[in-house]
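A note on names: the letters A, B, ... follow the listed sequences, proteins ahead of strands, and every chain is numbered from 1.
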Protein chains: 2
Amino acid sequence: MPDTALDSDPHAEAAKPTECQLRHAIELLFFAYRDFTGEADAILAAYGFGRAHHRVIYFVGINPGITVGELLSILKITKQSLSRVLGQLIDENFVLQGTDADDRRRRRLTLSDQGRELEAKLTAVQSARIAAAFDLAGDAAVTGFRTVLRGIINPDDRHRVAAGDGEAE
Amino acid sequence: MPDTALDSDPHAEAAKPTECQLRHAIELLFFAYRDFTGEADAILAAYGFGRAHHRVIYFVGINPGITVGELLSILKITKQSLSRVLGQLIDENFVLQGTDADDRRRRRLTLSDQGRELEAKLTAVQSARIAAAFDLAGDAAVTGFRTVLRGIINPDDRHRVAAGDGEAE
DNA sequence: CATATATGTCAATAACGCTGACTTAATTTT
DNA sequence: AAAATTAAGTCAGCGTTATTGACATATATG
């Protein structure tokens with residue numbers, strides 16, 4: 001039973017993509033990521049923040065109590081790079097620092113009310129864009145979108161995003 | 001006939017995504033884009049170039065004879081930002097400058113042999129990553145991936161990437 | 001000739017990442 | 001208890017990518 005372009009079996013092996021199709025995917029990623037981050041960048045600019053602040057706010061938001069070290073391993077940047085950004089967010093009261101009860105070397109990071117508010121605003125614009133694209137594309141397309149993006153991520157980091165349909169965690 | 005999660009009709013309307021599913025998509029985009037650009041960034045660093053040089057090389061490569069103004073409208077950066085990067089690429093003989101025959105104000109940009117070689121190397125690593133993800137995901141998923149990413153792009157810029165299956169142009 | 005367009009340039013500024021060297025505090029190992 | 005390791009923070013300097021604003025040059029168009 002040979003595969004065809006109309007075969008919708010999600011476990012089918014893909015036909016070998018042409019160079020043109022691969023270039024198309026490269027361009028889709030470039031333009032989609034640029035526009036995906038564009039609106040949030042504009043909101044951040046009003047606060048004097050940039051994309052790096054957003055990433056910290058986002059990952060502290062979904063991982064309340066995360067330590068500095070864990071944040072570094074998610075973001076894959078240096079301690080010194082994070083320091084500037086995180087320091088500003090703490091100084092301006094978007095992120096709160098606590099101390100771990102068991103290991104007092106560890107700082108536990110959480111969002112302040114102000115931080116949660118900004119996080120919600122940023123996630124709202126990005127979610128709205130994605131929700132619109134999902135609605136236009138349909139459920140089957142959404143599943144494919146997730147499967148391919150997950151396959152692009154380094155295997156070592158795939159555990160950072162839920163498998164399957166995004167319901168887990 | 002109500003939609004279900006198993007409905008594979010590509011024209012079906014999507015069920016309203018949950019906040020959790022939308023956050024999952026945000027994270028997929030973040031990690032996938034980071035890893036998608038990571039290998040190319042490492043190659044570029046060996047040449048003393050950065051991601052901005054890559055974008056110029058890529059879009060001059062697929063649009064031989066593109067003008068400076070057209071490049072600016074694709075990249076959506078300022079003339080001054082492009083100038084430094086493009087100037088370096090011209091100085092180091094990766095990009096060639098010609099003059100338009102009809103309008104001698106316009107510079108027609110093309111890749112030199114050296115530029116084509118670097119472009120091929122960069123596109124090769126990115127294509128390999130995408131091809132592997134495509135192969136793992138199957139044809140149906142690939143179609144969904146393209147549809148959703150296209151929907152994320154600002155409507156005004158969707159014309160810059162081919163519709164459908166990536167065969168067009 | 002006047003104006004608009006395409007490109008290029010100078011100067012200053014900022015966000016974000018890097019390396020290297022070091023400190024402090026707390027925990028773990030020996 | 002001393003030594004080593006770990007978590008976090010800091011200081012200094014550097015490079016890339018992007019910004020704004022002002023201005024220059026060549027060419028085309030009305």
Taking any heavy-atom pair under 4.0 Å as a contact, classify [X]: base, sugar-phosphate, or nothing.
X	value
A/Asp41	nothing
B/Glu70	nothing
A/Arg55	sugar-phosphate
B/His53	sugar-phosphate
B/Arg84	base
B/Gln88	nothing

Worksheet entry | Residue pairs, two or more places apart or on separate chains, that pass side chain to side chain donor-acceptor pair (under 3.5 Å) and touch residues 89-103 of chain A |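 Sorted pair list: A/Asp100-A/Arg108, A/Asp103-A/Arg105, A/Asp103-A/Arg106.
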
Practice prompt. Would you mind listing every side chain to side chain donor-acceptor pair (under 3.5 Å) that reaches into residues 117-130 of chain B, with sequence neighbours excluded?
Written response: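 Qualifying pairs: A/Arg23-B/Glu119, A/Asn154-B/Arg129, B/Glu39-B/Arg129, B/Tyr47-B/Lys121, B/Glu119-B/Thr123.
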
Discussion item. At less than 4.0 Å, is any side-chain N or O atom of A/Gln80 found next to OP1 or OP2 of D/dG13? Yes or no.
Written reply: no

Discussion item. Is there a side-chain contact between B/Thr78 and the phosphate of D/dT19, meaning an N or O under 4.0 Å from OP1 or OP2?
Written reply: yes

Fill in: Earlier contact from the 5' end, DNA chain C, for A/Ala52 and B/Ser83
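Of the two residues, B/Ser83 wins.
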
Practice prompt. Take A/Ala101 and A/Ser81, find for each the nucleotide of DNA chain C with the closest heavy atom, and name the residue whose nucleotide sits nearer the 5' end.
Written response: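 It is A/Ser81 whose nearest nucleotide is closer to the 5' end.
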
Worksheet item: Out of D/dT19, D/dG9, D/dA28, which nucleotide sits closest to the side chain of A/Arg107?
Response: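 Nearest to the side chain of A/Arg107 among the choices is D/dG9.
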
Item to complete: Among the candidates D/dC11, D/dG9, D/dG21, find the nucleotide nearest to the side-chain atoms of A/Val68.
Response: D/dG9

Enumerate all atom pairs, one protein N or O and one N or O from nucleotides 3-6 of chain D, separated by less than 3.5 Å.
| unit_1 | atom_1 | unit_2 | atom_2 | d |
| --- | --- | --- | --- | --- |
| D/dT6 | O2 | A/Arg105 | NH1 | 2.5 |

Starting at atom [atom1] of [X], determine the distance to atom [atom2] of [N], rounded to an integer number of angstrom.
X	N	atom1	atom2	answer
A/Leu89	D/dG9	CG	P	13 Å
B/Leu44	D/dT16	CG	C1'	12 Å
B/Arg104	D/dA28	CZ	C1'	11 Å
A/Leu72	D/dG9	CG	C1'	11 Å
B/Leu75	D/dT17	CG	P	12 Å
A/Leu86	D/dG9	CG	P	7 Å
A/Ile66	D/dA7	CD1	C1'	14 Å
B/Leu82	D/dA18	CG	P	9 Å

Discussion item. Could you measure the distance from the CG atom of A/Leu71 to the CZ atom of A/Arg107? Nearest 0.5 Å is fine.
Written reply: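 That separation rounds to 14.5 Å.
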
Discussion item. So, using ring pair (Phe, Tyr, Trp, His ring centres under 6.0 Å) as the criterion, who are the partners of B/Tyr58 when residues are at least two apart?
Written reply: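 For B/Tyr58, no residue satisfies ring pair (Phe, Tyr, Trp, His ring centres under 6.0 Å) once neighbours in sequence are set aside.
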
Discussion item. Any non-hydrogen side-chain atom of A/Leu149 less than 4.5 Å from a side-chain atom of B/Phe31?
Written reply: no

Worksheet item: Any side-chain heavy atom of B/Phe59 within less than 4.5 Å of one from B/Ile62?
Response: yes

Discussion item. Would A/Ile43 and A/Leu118 count as a side-chain contact (heavy atoms from CB on, under 4.5 Å) here? Give the steps.
Written reply: CA-CA 9 Å; A/Ile43 293 171; A/Leu118 177 53; 4.2 Å; yes

Worksheet item: Going by the ring-ring contact (aromatic ring centres under 6.0 Å, His included) test, which pairs reach into residues 66-88 of chain A, not counting sequence neighbours?
Response: none

Discussion item. Ring-plane angle category for A/Phe134 and A/Phe145, please: parallel below 30°, perpendicular beyond 60°, tilted otherwise.
Written reply: perpendicular

Practice prompt. Considering only heavy atoms of chain A and a distance under 4.0 Å, specify the first and last nucleotide of DNA chain C in 5' to 3' order that meet this criterion.
Written response: C/dA15 to C/dT27

Worksheet entry | Residue pair B/Thr37, B/His54: steps toward the side-chain contact (heavy atoms from CB on, under 4.5 Å) verdict | CA-CA 10 Å; B/Thr37 54; B/His54 186 182; over 6 Å; no

